[in-house]
Amino acid sequence: MPELPEVETIVRQLRPKLAGQRLLLVELLDDKLSLPVGEEMVGSTVVVVERLGKQIALNLRTTDGNRWLVFHLRMTGSLIWSAGNKPVEQKHLRAILSFEKGKLLFYDLRRFGTIILGNSRDEVSPKGLEPLSSGFTPERLGSLIANSRQVLKSWLLRQDRLVGIGNIYASEIPFTARLSPHRPVNSLSINELRQLHRAIVSVLELSIEHRGTTFSDYRDSTGKKGGFQKLLRVYGRDGKPCPSCGTIIQRTVIGQRSTYFCPTCQPAG
DNA sequence: CTCGGAGCCTGTCTGC
DNA sequence: TGCAGACAGGCTCCGA
């Protein structure tokens, strides 16, 4: 489910709601979630809310130093902010974090989502580079790609190189870059590398502007759907005409995952 | 080191 | 209508 634009949307919404609030109670409703929430956590204060790759991270100031409480939504997780004491939907509810002014509700149908607690930002951060950071340049992309024989689609999903891209944007980005998802990344020319770099940044930024993509389950922290699904150009559109040239969009499987592309705009080889 | 496949879960949808 | 099988936005682990 949530990739970088969706998680960024949630983080931007939660930041003003949670900043400065005291955590009063943590309730875990799923045996799969095991969180070493010690005494010092109760009464801790939210310092900042940040996106770390596809994770939502709360930095908490406790009596025993700062901690990072980190949510990963995986396929079907959502984090919903519920103000005051409104009644709460119970279906698929996996955890409740109660704050002074409301509750942070963690829902997760397929139960792949995780909550972890760490002692430092480094400890909980993914290894890959943030594609919307100033350090992400065409040159840097080139060095990340160097030596990899993986095909473009699979490479874009690697969180140890570049964080935040999931299966939807791993189809949309190659389309925008006019590159075949089957291209081995070490075969890209300098110009193609620039096109790819531009596509990664522009697709992610445009999606954030539209509060992310809701293909089926994704909801933002207010329970609303995203808006970018109206702007998807290839993902989920197999059998329909390419918005650029009219050729029928094709679906294939790369690395066990659905992949969509226009055979005319994104010619192989 | 790299890469591809199985597995983790629960639900919806399609075709027989 | 019933049922089996495919498929779903992510990631880890294992073996080649």
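Residue numbers begin at 1 in each chain, while the letters A, B, ... track the order of the sequences. In this text, all values refer to a predicted model and were calculated from it rather than measured experimentally.
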Which part of the nucleic acid, if any, lies within reach of A:Gln256 when heavy atoms closer than 4.0 Å are counted: base, sugar-phosphate only, or nothing? base

Would you please classify the geometry between the A:Phe71 ring and the A:Phe106 ring as parallel, tilted or perpendicular, with 30° and 60° separating the classes? tilted

For the side chain of A:Lys32, starting at C-beta, report the closest nucleotide among B:dG11, B:dC9, C:dT12. B:dC9

Between A:Gln159 and A:Arg110, name the one whose nearest nucleotide on DNA chain C is closer to the 5' end. A:Arg110

What is the distance, to the nearest angstrom, from the CD atom on A:Gln55 to the P atom on C:dG10? 14 Å

Over how many whole Å does the gap from A:Asp160 atom CG to B:dT2 atom P extend? 7 Å

Is there a path of hydrophobic side-chain contacts, each under 4.5 Å between heavy atoms, that joins A:Leu231 and A:Ile168? yes

Is any side-chain nitrogen or oxygen of A:His92 closer than 4.0 Å to OP1 or OP2 of B:dG11? yes

A:Leu156 has an atom CG; how far is it from atom P of C:dG10, in whole Å? 12 Å

Single hit among A:His182, A:Gln250, A:Lys153 for side chain to side chain donor-acceptor pair (under 3.5 Å) with A:Thr259: A:Lys153

Rounded to whole Å, how long is the line connecting atom CZ of A:Arg149 with atom P of B:dG4? 9 Å

Can you tell me if the side-chain N/O atoms of A:Arg111 get under 4.0 Å from OP1 or OP2 in B:dT10? yes

Can you measure A:Asp108 atom CG to C:dG10 atom P for me and round it to whole angstrom units? 13 Å

Closer than 4.0 angstrom, basic N to acidic O: yes or no for A:Arg211 and A:Glu6? no

